[in-house]
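Some notes on the structure that comes next.
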Amino acid sequence: MKTLLLGNESVARGLYEAGVRFVSSYPGTPSTEITEFAATYPEIYAEWAPNEKVALEGALGAAIGGGRSFCGMKHVGLNVAADPLFVTAYTGVGAGMVIGVADDPGMHSSQNEQDSRHYAIAAKLPMVEPANSAECRAYTKIAYEISERFDTPVILRLTTRVSHSRSPVEAGERVEREIAPYVKEPGKHVMMPANAKKRHVVVEEHLAALAEYAETTELNTVEENGTPIGIITAGNCYNYAKEAFGKNASYLKLGLLNPLPKKLIEDFAAKHERLIVIEELDPVIENHCRALGLKVTGKDVLPLCDEYSEELLRSRLLGIEPDYAEVGAAIPARPPVLCPGCPHRGVFYTLAKLKLRVSGDIGCYTLGAVPPLSAIDSVYCMGASISSLHGTAKVRGEEDKYVAVIGDSTFMHSGLTGLVNVVYNGGNTTTLILDNSITGMTGHQDNPLTGKTLKGDPAPNLSLEDICASLGVAREHIRAVDPNNLEELEKIVKEEVGAPCPSVVICRRPCALLKSVKKNPPIQVDWEKCVGCKNCMKIGCPCISVTGKKATIDQSMCVGCGLCEQMCRFGAL
Amino acid sequence: MKKNIMIVGVGGQGTLLASKILGRAAMDSGLDVKVSEVHGMSQRGGSVVTYVRVGDEVYSPVIGKGDADVILSFEILEAARWLPHLKPGGTIVTSTQEINPMPVITGAAEYPAGLAENMKALGVDVRAYDAPAIAAEAGSARASNVAMIGLAADVLGFDLDVLRAAVAACVPQKALDVNLRAFDSAIGYAAKG
C-alpha cells in the first residue's frame with residue numbers, strides 16, 4: 001500500500017530498509033526530518049551531534065566499525081564537515097556510508113545558495129539525487145549498494161522541494177545486516193602522507209570504475225518520445241521539465257550526479273536536434289556537456305539564481321507567459337517575526353536601546369535584525385558572532401561597545417572555539433548566550449545543553465557556566481539573567497560590556513513554544529490609563545497594535561510574557 | 001480529475017494540517033498527489049503557502065502564477081497576495097480574518113481595506129467567510145483550518161465522505177470531535193452561500 005511521505009521521511013524509510021544502524025546529524029532546514037524520522041525506528045541508533053563535522057566523523061567510525069551509517073545536514077553544514085568529507089574518499093568505508101545533504105535553492109531558510117554538487121566533484125565522491133519521495137527511499141538504498149561496491153561514502157543530494165514535498169511511497173521491509181568483523185588496516189585508515197599517496201591512486205581507480213557504472217546504472221534513465229528537443233536534467237528540475245514540455249520533449253534524467261556519464265549523454269544528444277540542460281544553481285551538467293563538445297541551451301537563457309519552476313521554464317524556453325489577476329492595492333509584506341512570548345525579544349530591545357554594535361548568529365534570533373528591533377549588525381555563519389567580533393574589536397581598539405549574540409545550540413556547534421580565541425588572545429568582548437533550552441529554528445531539537453537525547457533518553461546536564469569558566473572566562477564575568485527582566489538585563493549587559501576582560505551573559509528563558517512552558521493569561525489594556533504613546537510597540541510584539549490612539553492586545557495570541565507591562569510608563573498594561 | 005490547490009495563510013494558522021488532510025483525501029481517491037510544505041524560517045509568523053497538486057500523474061510539487069484552481073486562504077491579505085497564482089475562472093475561498101503583519105503594526109504600511117470587494121471587482125470568484133467564528137460556534141476557533149476545508153468542499157472536487165474520512169484520519173484524536181463538528185457546520189454554511 002502506498003502512503004504519502006515527506007521526502008525526508010522517505011529517506012529515513014530507505015535508511016531503515018537498508019539496515020542502517022547508526023545515524024548522527026546536526027539539524028538544519030531542509031534536512032532535519034530525515035534524522036527525526038530515522039530516530040523513530042528502534043533498530044536505528046540515532047543522535048544529534050554538536051555539529052556536522054562531529055556527525056560525519058561518527059558516521060565514518062560506524063561504517064569502519066562494520067555497520068551501515070548515515071549523517072544528514074543542510075548544504076552549509078557540509079562546509080563544516082568538509083574536512084572529514086575529503087579524507088573519507090581516500091580511506092573508503094567498511095559497511096556502507098551515506099551523507100545526506102539538502103541544498104536550498106531559493107534560500108527559503110538559509111544564508112546562501114551554494115550548490116553541493118561541487119563538493120562531490122572536489123572530494124571525488126559519488127552523488128545521487130532523487131526527484132520525489134518514492135525515489136528518496138529507492139535511491140537511499142541504492143546509495144548503500146554503491147558505497148559498498150566501490151568502497152566509498154556516497155552523497156545523497158536533496159533540495160528543499162524534494163525534502164519538503166509529500167508524494168506516494170510504497171514501503172518495503174528492512175533487511176538486517178550483520179556487523180562485519182573488524183580488520184585493522186593502517187595502510188587504509190592512517191592517513192599520513194606515505195599511506196595517503198597510495199590511497200589517492202585507489203580513489204582515481206574507483207572514480208574510473210564509477211564512470212563506467214554511470215553509463216549503465218538504473219539511476220540514469222532515458223525517456224525517448226521521438227522529439228527534436230532533448231532535455232538533460234536531474235532532481236526536481238525533471239518534474240518542472242515534465243510539466244512544461246510533457247511529451248513534446250525527450251528526457252535524460254540523471255540520478256547519479258557524480259561522476260556524470262559520457263557515452264549515455266553523447267548517444268542521447270545524437271538523437272536530438274536541440275539539447276537543453278535544466279539544472280538549478282550552477283551549470284554543472286551543462287559544463288560537462290560542453291566539455292564533451294556538445295552544443296546545449298542552458299544558463300544562456302536560464303538563471304543562476306533562485307529556484308526554478310514550471311512557470312519559469314514555460315516563460316524562458318517556450319515563450320508562454322501566465323494569465324493572471326492582481327489587486328491594485330499595495331500588499332504589505334509579511335516577514336517572519338519573533339513569536340509572542342519569545343525570550344529573545346527583550347534581549348534585542350535592550351541591545352538596541354543601549355546602541356550596541358551586535359554581532360549576530362544563526363537561529364531564530366537572527367530575526368532581531370528586522371524592524372522595529374533592528375538590533376543586529378551582522379550575521380554570517382554558525383559561530384561567527386564571537387570570532388568575527390573578536391577581529392572587529394582588535395582593530396577598533398578600546399571603542400568597546402560591542403556584543404556577540406549566539407544561541408545555546410549554536411554555541412555548542414561552533415561558538416566554543418571562538419570564545420577560546422577571545423580568552424587566549426586577550427580579547428575583551430562580551431558574549432550573550434541566548435539559552436532557550438532547545439534548538440529553536442529547526443523545530444525543537446535537543447542538544448548537549450537540554451539534558452535529553454534525540455531518542456528521548458536523559459543525558460548529562462552540561463552547564464554553560466561551567467563550560468565558559470573552563471574555557472578561561474572569569475567566574476565573576478559569567479552572569480546569568482532572565483531576559484524578560486528588562487531592568488536586570490540592562491544593568492548586567494552594561495556592566496559586562498564595560499568590563500576590561502572577556503565576559504559572558506547567559507540569557508536564560510525557555511522557548512515560548514515549548515510544551516513545558518506554562519502560558520500566563522493574556523495581558524489586558526486599561527484604556528483609561530493608555531495615552532497611546534506607543535512605547536509598548538518598540539518591542540515588536542505581533543500581539544500589540546495601536547488603533548484609535550489606544551493599544552490593543554490580541555487576546556488569542558498573547559501568552560502573557562509581561563514584557564510589554566515593563567514598557568508601559570502609565571500602568572495601562 | 002486534475003486540481004491545483006494552494007493553501008495560504010500566516011505561520012502558525014495550521015496550513016500544514018490542512019494540506020495533510022487534502023493529500024490524504026487525494027490518496028484515498030486513488031489519485032496521484034504532491035504536497036509542498038514550508039518549514040523553518042518562513043514559518044515564524046510569516047506568509048506561508050502550501051501547494052497541493054492532484055491528478056492522474058503529477059510531477060511538479062509547486063504551482064505557478066495563473067495555475068491554481070482553488071486558493072484556500074486562512075487570512076484575507078494572504079488571499080490578495082497570492083491572487084496572481086489563481087487560474088482565470090478559479091475560486092478563492094478565504095477567511096475574513098485579518099492579522100496585521102509587522103510593517104502594519106509598526107505603521108510602515110497600511111492594511112488595505114475592502115480586499116474581498118476589490119478581488120470580486122476583478123471578476124474573481126471570491127467566497128469569504130468568518131472561519132474562526134464558524135469554528136468557535138462548533139466548539140473551538142482552533143478548528144478554523146478544518147472549517148476552511150469544509151467551506152471549500154464543493155470546489156475541492158473530492159467526494160464528501162472521502163474528505164470527511166481524511167479529516168478523521170489526520171486530526172489528533174483528542175481534538176477530533178470539535179474538528180468534525182466544525183467541518184460539518186462549515187459545509188452547511190457554504191451551502192447557504
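All values reported here derive from a predicted model rather than from experimental measurement. Naming: A, B, ... by sequence-line order, numbering from 1 per chain.
The candidate from A:S309, A:S163, A:A325, A:P322 with the greatest count of non-hydrogen atom pairs under 4.5 Å with chain B is A:A325. When the candidates A:V546, A:L338, A:L513, A:D323 are compared by the number of heavy-atom contacts under 4.5 Å with chain B, A:D323 comes out ahead. Between chain A and the options B:K20, B:K87, B:E57, B:R142, heavy-atom pairs under 4.5 Å are most frequent for B:K20. With chain B as partner, the option from A:A131, A:A241, A:A330, A:A333 having the largest number of non-hydrogen pairs under 4.5 angstrom is A:A333. Of all the listed residues (A:E33, A:E321, A:R314), the one sharing the greatest number of non-hydrogen pairs under 4.5 Å with chain B is A:E33.
For A:A244, no part lies near chain B; criterion is any non-hydrogen pair under 4.5 Å. Only the backbone of A:P371 comes within contact range of chain B, with at least one heavy atom under 4.5 Å from a heavy atom of that chain. Contacts of A:E310 with chain B are made by side-chain atoms alone, with heavy-atom separations under 4.5 Å and no backbone atom involved. In this structure, chain B has a heavy atom under 4.5 Å from the backbone of A:I544, while its side chain stays farther away. Interface remark: A:C541 contributes backbone atoms only to the contact with chain B (heavy atom separation under 4.5 Å). Both the backbone and the side chain of A:K2 come within contact range of chain B, judged by heavy atoms closer than 4.5 Å. Only the backbone of A:T3 has a heavy atom closer than 4.5 Å to any heavy atom of chain B.
Counted by atom type alone, A:H108 and A:E307 present one or more donor-acceptor pairs between their side chains at under 3.5 Å. A donor-acceptor pair shorter than 3.5 Å can be found between the side chains of A:S133 and A:S167. In this model, no donor atom of one side chain and acceptor atom of the other lie less than 3.5 Å apart for B:S19 and B:Y51.
The backbone N or O of B:A141 lies less than 3.5 Å from a partner atom in the side chain of B:S144, making a donor-acceptor pair. Formation of a donor-acceptor pair under 3.5 Å by the B:R24 side chain with backbone atoms of B:C170 is not found in this model. The backbone N or O of A:G106 sits less than 3.5 Å from a side-chain atom of A:E113, completing a donor-acceptor pair.
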Quiz prompt | B:R53 vs A:E243, salt bridge (charged side-chain N to carboxylate O under 4.0 Å, His left out): CA-CA, chis, key distance, verdict | solution = CA-CA 12 Å; B:R53 302 193 66 217; A:E243 297 283 359; 2.8 Å; yes

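Between A:K253 and A:E135 there is a salt bridge, since at least one side-chain N of the basic residue sits less than 4.0 Å from a carboxylate O of the acidic one.
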